[in-house]
There are 2 protein chains.
Amino acid sequence: MDVAKLAGVSHQTVSRVLNDHPNVTEQTRLRVRAAIAELGYRPNRAARALATGKSQVIGVVAQNSTLYGPASTLAALAQAATGSGFTISVESVRTLERAPMHAAVSRHLDQRVAGLVVIAPVDSANEVLDQIPSDIPLVCIDGDPQRSTELVTVDQEAGGYAATRHLLDKGHKTVWHVSGPEDWFDSRGRVAGWKRALAEAGAEIPPVMAADWSAAAGYHAGQVIARMKEITAVFAANDHLALGALRAFHEHGRRVPEDISIVGFDDVPEAEFYIPPLTTVRPDFEAVAAATLELLHDQIVSGTTEGQRRVIAPTLITRQSVSAPRKRR
Amino acid sequence: MDVAKLAGVSHQTVSRVLNDHPNVTEQTRLRVRAAIAELGYRPNRAARALATGKSQVIGVVAQNSTLYGPASTLAALAQAATGSGFTISVESVRTLERAPMHAAVSRHLDQRVAGLVVIAPVDSANEVLDQIPSDIPLVCIDGDPQRSTELVTVDQEAGGYAATRHLLDKGHKTVWHVSGPEDWFDSRGRVAGWKRALAEAGAEIPPVMAADWSAAAGYHAGQVIARMKEITAVFAANDHLALGALRAFHEHGRRVPEDISIVGFDDVPEAEFYIPPLTTVRPDFEAVAAATLELLHDQIVSGTTEGQRRVIAPTLITRQSVSAPRKRR
DNA sequence: GGACGCAATGTGAACGCTAACACTATGGGC
DNA sequence: GCCCATAGTGTTAGCGTTCACATTGCGTCC
C-alpha cells in the first residue's frame, strides 16, 4: 500500500509489476520500481504463499547422514536452488523408514511447498511416494528405477559396469565385489553393472560380499579377500569400503596394485591421496541437482506430471590402484 | 472454520486449542481435537506466518561445501531442528564473501524466518552479522570468538592444545603444525592451542605450515616434512590434511608412528581406517547443533539477545598414528 | 444479595498479498 | 458517428490465521 501511494497507483498495479504481468505501461512500471527502491520495500513471502497457496520453497526429505553421496547431493541441490530463486527447506529423517519419512513429507505439505524432492535410496523410503498427493510436483532422487515417478539418479549400473570392465580389460580373470547394503538401489545397481560386465566377458561370477557403506565393513571384507590369494581384482561399492579394504590388504602384505587391484565408487575428494591413489567412479552430483530442479520446475510451471526420468552417467577416474595382474608362476 | 463448525465452537477457540492456550475447558479441548482428527485438518503455516509475522522456520546460511565439518554441522542442525518442531531452510552460498552472504540473509528475512543461523567461519562472513537487524534471533556458528554475538563453536584452541600436548607427553621435543587456511577462525584457534601447548612445555615453536583443508595440501606439506628428518611429530589441522601427509610419509619411506607421529582433527568416520589408524580430535557436532538451537529458542521465546556463547569441548581420540619418538643414535 | 473478578468463549478486524471482476480510456471498423 | 474490442488500471473479496477486545456465566467476598 505504501508503495502504491508513493507511486500514485493502486496496490494491485504494484502487485502486477512485482509479478511481471504484461498489461502494465512501461512508464508506470518504472514509477512503481522507483517507489519500491525508495521505500526499500520487500514483498512478504508468507502473504504471497497464503494468497496463492504456493510458496517459493522446495521441500527436501533426506536422511540425516554424512554419507558422501547424499550429503553431496544435498549440497548441490541447495546451491542449484539458490540460483533459481527457490529456497530449499530440509526435513531430515533419522531413518529411511516409512513413518518418519511420511511425517517429514506431511510437514512439508503443511508449509505449502511448491515442490518436493525426496531422496529415497531404499525400498521403505520409496513406498511413501505413493502416499503423496499427486497434485504436488515431486521428484525422487536415487529412487527405484522400476517406478514411474519422476526420477533422477546416477547411473549406478553403468558405473558398476565401467569399474568392472576396466579391471577385466587390464587382464584380470574375474572381479570380486564388496557391495553396499542390499536394500539400497545404489548397491543393487552397482551389483547389476558388475554382473553384466562379468557375464559379457564370460568371466566367473563370484559371490557378492555384502557390507554397508563404512570403512569398517570394507576392512572386514578386505581381511577375507586378502587371505584368498587367487583374488586379483576387487570392485568396492564406494571409496570408504575401498579404503578399509586397502588397509586390510596392507596389513596382510598384499600390495596394491601389484598383488591386487581395486576400484572404488564416489571419488571422494581425498581418494586421490589414499595409499595408493584410488581408481574410482565419479558421479556428477551437480548434474543430478540441476536435473532435479529442472524436472521440478517443469512440473511447477506446467502443473502436470510427465513421468520423466534423468539418468546421469558417471565417469571412471583412473589412478594407481589398478594394474594388470601378475603372471602367476 | 470447518473444524469450529463441527465442534460447535468459534474459530478462535480452535485456534486456542491449537496453540495450547490455558483458558480452554478440557471438555471443549477434546471436542475440538476430535473434530480436527475427523476432518484431517492441518493448520496452514503460511497463514500463521502472515498473522504472527513469524514462521516456524529457522534460516541457515552456510557455504556450499562438502567439507566434513560444515557438512556435519548442517546435518546435525537439520536433525536437531526436526526434533524441536522447527524446519530448517538453507540458503547456500558459493563463497563466504560479504555480498552473497548478505543476499542469502536477505532472502531469509523475506521469508520471515523465526531465527537465523549463520555459519561464518571466516572474517568476511562474520562482517555481515553487523548488518542483520538486531530484532531477529541470531546465532553464529564458528564465528569470531572475539565478537559479542550469540556464538556456538567447537573449542578449537582446546583441541589444538590437546593434540599437541598428547604428542609432547609422548616425549617428542616439539611438534610441527600443518594449518588450515589463515582466514578461518577454526585454523587460527587450532594454531593458538598448538602454540600454547608448546610454549607451556618450553618447546621450540616451529614455523606454521599454512595449507588449505585439502588432502592435496597435506600431501605437499608432508613431502617437505618427510625430508626434514629431525621432525618426529606433526599436528595436522584436519584429517584430510593428515591423510595427504600420511601418503607423503609413506612414499618417502618414513614409517608412522615409528619414525614420525601425527595427529589429525575432525575424526572423519574413516580416519580409523587410514594407514595407520589416525589419532585425532573429535568435535561434537550434535552438541554444537543442540546448543545452537537452544540459544536460538531462548531468544525466540524471550525476544532478547543475551550475548551468550557456548564453546563445545572436543575429545582426543587416540589410535595408532602416535608413539614415542625413537631414541636417536 | 449485590458488586466484583476471572475463566471461558465469541466477534470483528487485521496480517500482505493475489484473483476476479469492474471500470475507463483509446483506437479501429463499418 | 457509433459500437466494440482491448490495453491499462482500480475495486472488492478472500486466503487461514491470530490479536484485541467484547461478552457471558459463575463463584467469592463483604
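Here is how names work: the chains are called A, B, and so on, in the same order as the sequence lines, proteins then strands, and each is numbered from 1.
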Handout entry: Carboxylate-amine/guanidinium proximity below 4.0 Å for Arg310(A) and Glu150(A)
Key = no

Problem - Test: Arg188(A) and Asp123(A) ion pair at under 4.0 Å - result: yes

Practice task
Under 4.0 Å between any heavy atoms, over every strand shown, what does Ser10(A) touch: base, sugar-phosphate, or nothing? Just pick one.
Solution key: base

Exercise for the section: Would you check if Ser89(B) and Ile88(A) make a side-chain contact, meaning some heavy-atom pair closer than 4.5 Å? Expected result: no

Exercise for the section: Report yes or no: do Arg147(A) and Asn126(A) form a side-chain donor-acceptor pair below 3.5 Å? Expected result: yes

Problem - Distance in angstrom units between Asp20(B) CG and dT18(D) P, rounded - result: 11 Å

Fill in the blank from the handout: Once base and sugar-phosphate atoms are separated, protein heavy atoms under 4.0 Å mark nucleotides 14-24 of chain C, 5' to 3', with B, S and - as -BBBBBB----

Problem - N-O pairing of Arg33(B) and Asp20(B) below 4.0 Å - result: yes

Exercise for the section: Verify the contact: side-chain N or O of Thr25(A) to OP1 or OP2 of dA7(D), cut-off strictly under 4.0 Å; return yes or no. Expected result: no

Exercise for the section: Using whole Å, report how far CD of Glu26(A) lies from P of dA7(D). Expected result: 16 Å

Practice task
Would you mind reading off the distance between Lys54(B) atom NZ and dC19(D) atom P, rounded to a whole angstrom?
Solution key: 13 Å

Practice task
Answer with yes or no whether the side chains of Thr87(A) and Gln56(A) bring together a donor and an acceptor at under 3.5 Å.
Solution key: no

Handout entry: Spacing between Asn23(B) atom CG and dA7(C) atom P, to the nearest angstrom
Key = 6 Å

